[in-house]
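What follows is a single structure, written as structure tokens, with notes after it.
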Amino acid sequence: MSALLPHLSVLKVGDDAYPKRLKSLLGSHAPAELHVAGNQDLLGSHAVSFCGARNASEKGIEAAALCARKAVSENFIITSGNARGVDRATHFEALLNGGATVLVLPEGLDRFRIAPELREVWDWERVLVVSQFVPSAIWRAYQAMQRNKVIMGMSCAMIVIEAGEKGGTRAAGEEALRIGVPLFAVDYGFDETVAPGNRHLIASGAKRLKRNRQNGQPNLSELISDARSYCEGEWRVAKGQASLF
């Protein structure tokens with residue numbers, strides 16, 4: 001594993017290599033450029049994205065890891081935002097289990113460093129780092145919100161692991177519902193101390209994500225079906241809307 005960035009590329013919105021799904025979903029709001037490093041073949045892959053709190057609970061981190069592991073076993077790549085907590089837990093599980101992952105940054109690539117918790121599993125052949133911001137850009141809160149749209153725009157479905165009463169995770173879930181990305185939120189049952197924003201998102205239209213009572217594993221069967229339909233262009237037709245492509 002090398003800590004150094006490989007060759008950097010700039011993809012303009014009109015380029016053939018620019019993600020078609022992102023351009024179709026965001027339209028005129030799609031980033032004019034994407035700065036990328038790593039395996040660009042991952043841009044066109046079917047992906048499940050994750051969104052969750054930096055200071056996630058133990059339950060949240062466990063749920064994120066289990067869901068990422070299951071998604072990888074179904075041949076989906078994992079897309080998230082490289083923040084501590086939920087994001088890095090899913091990047092780690094993807095790489096640990098032989099899958100691939102895309103890290104979408106809220107800052108420029110000059111600021112990127114491989115997180116200590118990811119170093120032991122890092123493999124540039126199975127990683128792509130993406131930023132819509134100029135390489136020198138520093139972290140800004142509004143940029144984190146903007147990058148969440150890129151995360152969902154490059155995904156076939158989004159999982160909200162742990163959203164608070166307010167904040168960026170809940171806002172990302174609401175945006176996914178607004179633009180029509182299949183959205184799932186972990187249901188923690190009767191424990192109302194965890195993820196109150198998840199209950200709001202479920203009430204607003206997100207599908208519940210629960211564990212199988214027999215084996216304790218997350219039941220992703222509906223998510224996998226919806227994600228494949230969405231990325232194969234069938235989702236919006238089934239919803240009575242125009243096709244994504």
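Here the structure is a predicted model, which is why all the values come from computation and not from measurement. Sequence positions, counted from 1, serve as the residue numbers for this chain.
A donor-acceptor contact shorter than 3.5 Å links the side chain of Gln143 to the backbone of Ile138. With Arg208 contributing its side chain and Asp187 its backbone, the two residues share no donor-acceptor pair below 3.5 Å. Remark: side-chain polar atoms of Arg113 are paired, donor with acceptor, to backbone N or O of Asp110 under 3.5 angstrom. Side chain of Asn39 to main chain of Glu125: a donor-acceptor pair is present (N/O by atom type, distance under 3.5 Å, no hydrogens or angles). Proximity of a side-chain donor or acceptor of Ser229 to a complementary backbone N or O of Ser225 within less than 3.5 Å is detected. In this structure, the side chain of Asp87 does not engage the main chain of Arg84 through any donor-acceptor pair within 3.5 Å. Using modelled atom types, no side-chain atom of Arg88 and backbone atom of Ala115 make a donor-acceptor pair closer than 3.5 Å.
A salt bridge links Glu74 to Arg228: at least one charged side-chain nitrogen sits closer than 4.0 Å to a carboxylate oxygen.
The closest side-chain heavy-atom distance from Arg147 to Glu107 is not below 4.5 Å. Within the 4.5 Å cutoff, the side chain of Val134 has no heavy atoms near those of the Glu33 side chain. Between Trp122 and Thr101 the shortest side-chain heavy-atom distance does not fall below 4.5 Å. The shortest side-chain heavy-atom distance between Lys70 and Ser73 falls under the 4.5 Å cut-off. Annotation: side chain of Tyr18 is in contact with side chain of Lys23 (closest heavy-atom distance under 4.5 Å). With contacts defined as side-chain heavy-atom distances shorter than 4.5 Å, the pair Val72/Ile78 qualifies.
Looking only at atom types and distance, the side chain of Ser49 has a donor-acceptor partner in the side chain of Ser155 under 3.5 Å away. A side-chain donor from one of His200 and Glu174 sits under 3.5 Å from a side-chain acceptor of the other. Asn198 and Arg170 are not linked by any side-chain donor-acceptor pair at a separation below 3.5 angstrom, with hydrogens and angles left out of the test. A donor and an acceptor atom, one from each side chain of Ser131 and His35, are nowhere located under 3.5 Å apart.
In this structure, CZ in Arg111 is found 13.5 Å from CH2 in Trp139, a value given to the nearest 0.5 Å. Rounding to the nearest 0.5 Å gives a distance of 14.5 Å between NZ of Lys210 and CZ of Phe184. Put simply, CD on Glu62 and CD1 on Ile161 are 11.0 Å apart, with the number rounded to the nearest 0.5 Å. Note that CG of Leu220 is 10.5 Å distant from CD of Glu222, once rounded to the nearest 0.5 Å. Taking OG of Ser45 as the start and CE of Met154 as the end, the distance is 9.5 Å to the nearest 0.5 Å. Atoms CG and CG, on Leu11 and Leu22 in that order, are 10.5 Å from each other to the nearest 0.5 Å.
One hydrophobic cluster holds both Leu109 and Leu118 under the rule that ILVMFWY side chains link at heavy-atom gaps under 4.5 Å. Using a 4.5 Å cut-off between side-chain heavy atoms of Ile, Leu, Val, Met, Phe, Trp and Tyr, with links allowed through other members, Val150 and Val181 fall into the same hydrophobic cluster. The hydrophobic clustering, which links ILVMFWY residues whose side-chain heavy atoms are closer than 4.5 Å, places Val13 and Leu25 together. Grouping the Ile, Leu, Val, Met, Phe, Trp and Tyr side chains by contacts below 4.5 angstrom, directly or via other members, places Leu95 with Leu105. Grouping the Ile, Leu, Val, Met, Phe, Trp and Tyr side chains by contacts below 4.5 angstrom, directly or via other members, places Ile179 with Val160.
Checked against Val48 for a side-chain contact (heavy atoms from CB on, under 4.5 Å), the options Ile77, Leu223, Thr79 give a single hit: Leu223.
Applying the salt bridge (charged side-chain N to carboxylate O under 4.0 Å, His left out) criterion to Lys166, with sequence neighbours excluded, gives no partner residue. For Glu162, there are no salt bridge (charged side-chain N to carboxylate O under 4.0 Å, His left out) partners two or more places apart in sequence or in a different chain.
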Practice problem: Determine, stepwise, if the pair Lys12 / Asp15 fulfils salt bridge (Lys or Arg N to Asp or Glu O under 4.0 Å). | Solution: CA-CA 5 Å; Lys12 298 184 181 297; Asp15 294 345; over 6 Å; no
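Applying the disulfide bond (SG atoms under 2.5 Å apart) definition to pairs two or more places apart or across chains, those involving residues 116-168 are Cys156-Cys231.
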